[in-house]
Trainee: 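A single structure is presented below for examination.
Remember, predicted model here, so these are calculated numbers, not experimental data. In each ligand, atom 1 is the first atom listed, and ligand 1 is the first ligand listed. In this chain, residues are counted from 1 in sequence order.
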Amino acid sequence: MLFYVVILLLGALAYYYNFENKRKKIREHLEVVVQRRREDLLKNVELARKSAKKLDEQRRDWIGSLDFEQLKGELQRGHVKCVEAVRAYFHKAILAHEKTNAITSFVLEAEQQAEEMDEKAKDPSFVKPPLFGIPLSLKECLKIKGYDQTRGFVQDAYKPATSDSIQIEHYKKLGLIPFCQTNVPQSLLSYNCSNPLFGTTTNPYDPTRTCGGSSGGEGALIGAGGSLLGIGTDVGGSVRIPCHFTGAAGIKPSKMRFAHRGGGASVPGKPLIDANDGPMAADVKTNVEFLRHVWGDIDFQSDRDPYCPPVHWNESLYSSEKKLRVGYYVDDGWFTPTPALQRAVFEAKRHLENAGHTVIPFHPPRLPKVMQLYYRAVCLDGGQYVLQKILKDLIEPTIRVQVVLWMIPVWVQRLLSYPMELVFPRMGVLMQSLTRDTFELREAYADIESYREEFVELMMQDNLDVILCPSSVMPAPQHDVPSKVLAGISYTCLFNLLDYGAGVVPVTTVSKADEEKLINEYPETDKWYQMTKSATRGAIGMPVGVQLAAPPFREEIVLRAMREIEIAVTGK
Ligand SMILES: CCCCCCCC/C=C\CCCCCCCC(=O)NCC(=O)O
């Protein structure tokens, strides 16, 4: 017996030694790659700076002071040249990058693309496309020719795309000029924004706090004024959470409203957890203008990807005079949001009511089940695809907790979930989420389908057009909190599970009264609540948005409600 135990221990030791040795070699190689990539980024930023300096300072500042609508008008009228817009935004993005570390690469070809467009515009018969010359920032994972899509994995550096995605082709056709790529968390499966290749992107309002993720670089850049319009992706909140954390506005449309052929994802092959790209900007108005033109011309994408239905921008939904019926909630029954987030929903409710809409209570059903189904379907192989990739890379410290969770075998998680339920019931629920086998996976898909039916039925019973709810559970926390408070995405991931269109609009900032309410009333009943409470302390002044959502192909209603709230909040 002793003999076998000794053999087993020796075997385990040899395995560990071998594993560590291999990891050490991988680490050494990857550290060299990181060094080289960071040096290349410094050179790339210097080239963008050189280009920006070609523009007279006064003119640069004037162009930089124009909002989206004004810049669009000046470019259309020929008062601003495309190359001037690109140089002005190189300058503004460098300033934002120096503040937040938001950029992973400037797209230096933007200058040449702009010059070519200016050349074409000299011909009096040339018809300018609707978004002529507007600089566009892109989340790093979006496929643009000549640039990497690493998703924060060092192993994927120096593997540039050989072509643009259909969507990028489309944006260029509409006149937009991609001018930079922005940072993401390693794997994209986090709502913070750190990776070992490019480091941590910070919140423009407070560097000790995250800008959110995974489209965090976009949030930071837009929040710091370095871009007028950017594109993110969202499989659990990655467009909406950074918007909420940085005071931006953005929308995740339902999956079929854009082409996906040839596009990448954090975890390929996870049907029913629907991801999509989505615009992000300083205001809702810009999102509307962008989508009006993209969807107005959606045949470009449908012709190249037959799985993208040619559903055009529906102006009559957006501009309708018919008053809306809105279902609202401030607490989903799974994770009570901090006071400022609840207040934001009540304020948005009041704005909608003042505009003549009917706003009634709505209760999203069975959120603990939703969380289980979401994690089950997002990590459909028990997290193995991402885990294997992470283990071949430098591991990002701020997502270590979730990496460790993925490493615990599913059967062990299940076993431990029962005692866990007694002391930390919500964690117990999540520990039962990852799949043991295909039987459970099929069951999860069937459950998601019936949950969708149930939700639609509930909305129909009350004749609801749109749902109003919090964007998250807290304002921007510190960088390591998202990986620890995994369950804090319930407000956003619900609408990925449902494949609804869902957007976030800024409404308020955290106030002193919110802080007092937090200290005196916010629950501390488990670790997640304790961490959320402590992360929210000292967040006075941080932006807070609300979320609106509607069933697929009704994104225009979501945008209408967002825009009405925006007008009530900002007066413009
Ligand atoms: C014991 C608990 C077991 C559960 C372990 C789960 C580990 C974490 C897995 C997934 C986290 C998902 C967070 C998603 C945040 C938003 C991500 C997003 O929208 N990404 C965009 C994209 O992928 O394109």
Side-chain angles (χ1 to χ4, degrees), residues 138-143 149 151-152 184-193 210 212-219 231-245 250 252 255 258 260 263-270 273-278 280 371-387 389-390 398-417 420-421 424 426-436 471-473 481-497 502 504 527-528:
L138 298 175
K139 185 177 181 179
E140 195 252 14
C141 59
L142 297 168
K143 201 169 130 197
Q149 287 74 52
R151 299 168 178 81
V184 296
Q186 186 174 37
S187 82
L188 307 184
L189 284 181
S190 170
Y191 62 102
N192 79 355
C193 194
T210 179
S214 60
S215 315
E218 280 305 317
I231 310 292
T233 65
D234 189 317
V235 88
S238 284
V239 161
R240 292 160 286 161
I241 295 171
C243 283
H244 160 67
F245 284 178
K252 168 209 82 76
K255 178 175 180 179
F258 285 132
H260 293 273
S266 42
V267 181
K270 48 176 172 23
I273 287 302
D274 291 315
N276 212 348
D277 298 6
M280 296 165 70
M371 294 309 286
Q372 274 187 348
L373 289 176
Y374 177 80
Y375 280 109
R376 190 163 286 182
V378 132
C379 310
L380 73 176
D381 55 0
Q384 285 309 301
Y385 172 84
V386 186
L387 180 64
K389 207 161 162 70
I390 288 180
T398 59
I399 60 162
R400 200 165 276 148
V401 171
Q402 81 193 63
V403 175
V404 169
L405 288 174
W406 274 321
M407 286 174 87
I408 303 171
V410 172
W411 68 267
V412 177
Q413 290 192 24
R414 249 347 131 80
L415 207 67
L416 295 177
S417 72
M420 181 61 84
E421 269 199 321
F424 187 173
R426 294 194 297 166
M427 185 60 168
V429 168
L430 275 209
M431 288 176 82
Q432 285 166 31
S433 62
L434 299 191
T435 23
R436 276 183 315 201
S471 311
S472 172
V473 296
V481 172
S483 162
K484 294 178 185 154
V485 187
L486 273 174
I489 58 167
S490 61
Y491 290 88
T492 45
C493 75
L494 168 69
F495 297 113
N496 297 87
L497 189 111
V504 162
K527 264 266 165 252
W528 287 333

Trainee: Run the numbers for me: atoms of ligand 1, each under 4.0 Å from some heavy atom of Ser238, listed by number.
Mentor: 16 (C), 17 (C), 18 (C), 19 (O), 20 (N), 21 (C)
Trainee: Is the closest side-chain heavy-atom distance between Leu486 and Tyr375 below 4.5 Å?
Mentor: yes
Trainee: Using a 4.0 Å cut-off to any heavy atom of Ser266, which atoms of ligand 1 qualify?
Mentor: 22 (C), 23 (O)
Trainee: Cys379 near ligand 1, heavy-atom distance under 4.0 Å?
Mentor: yes
Trainee: As a check for students: among Val378, Ile399, Leu430, identify the option with a heavy atom nearest to atom 2 (C) of ligand 1.
Mentor: Leu430
Trainee: Quick test of your reading of the structure: of Val235, Leu188, Val267, Leu189, whose heavy atom lies closest to atom 13 (C) of ligand 1?
Mentor: Leu189
Trainee: If you take all heavy atoms of Val386 and Ser187, which pair is closest and at what distance?
Mentor: CG1-CB, 3.7 Å
Trainee: Compare every heavy atom of Thr210 with every heavy atom of Asn192, then report the nearest pair and how far apart it is.
Mentor: CA-OG1, 3.5 Å
Trainee: Assess the residue pair Lys527 and Met427 against the criterion (side chain to side chain contact (heavy atoms under 4.5 Å, CB included)); give the C-alpha distance rounded to whole Å, side-chain angles, the decisive distance to 0.1 Å, and a yes or no.
Mentor: CA-CA 9 Å; Lys527 264 266 165 252; Met427 185 60 168; over 6 Å; no
Trainee: Of the side chain and backbone of Ser214, name the one, both, or neither that has a heavy atom under 4.0 Å from an atom of ligand 1.
Mentor: side chain
Trainee: Considering heavy atoms of the protein only, find what lies nearest to atom 9 (C) of ligand 1 and give residue, atom and distance to 0.1 Å.
Mentor: Trp406 CZ2, 3.3 Å
Trainee: Suppose we measure from atom 6 (C) of ligand 1 to each protein heavy atom; which comes out shortest, and what is that distance?
Mentor: Tyr375 CD2, 3.9 Å
Trainee: What orientation do Phe424 and Trp528 show, parallel under 30°, tilted 30 to 60°, or perpendicular over 60°?
Mentor: perpendicular
Trainee: Please could you name the atoms of ligand 1 that Asp234 approaches to less than 4.0 Å, counting only its heavy atoms?
Mentor: 19 (O)
Trainee: Could you list which atoms of ligand 1 come closer than 4.0 Å to a heavy atom of Thr233?
Mentor: 21 (C), 22 (C), 24 (O)
Trainee: I'd like to know if the side chain of Thr492 reaches the main chain of Gly236, judged simply by a donor and an acceptor atom lying under 3.5 Å from each other, with no hydrogens or angles considered.
Mentor: yes
Trainee: Relative to the heavy atoms of Gln413, which atoms of ligand 1 are at a distance of less than 4.0 Å?
Mentor: 1 (C), 3 (C)
Trainee: Are Ser471 and Tyr491 close enough that some pair of their side-chain heavy atoms sits under 4.5 Å apart?
Mentor: no
Trainee: Asp234 pairs by salt bridge (charged side-chain N to carboxylate O under 4.0 Å, His left out) with which of Lys255, Lys252, Arg240?
Mentor: Arg240
Trainee: So if I count the atoms of ligand 1 from 1 in the order they appear, which ones are less than 4.0 Å from some heavy atom of Met431?
Mentor: 1 (C)
Trainee: Any luck finding a side-chain donor-acceptor pair between Ser214 and Lys139 under 3.5 Å?
Mentor: yes
Trainee: Just to check, does Gly237 reach to within less than 4.0 Å of ligand 1 when the distance is taken from its heavy atoms?
Mentor: yes
Trainee: Heavy-atom contacts under 4.0 Å between Thr492 and ligand 1: side chain, backbone, both, or neither?
Mentor: neither
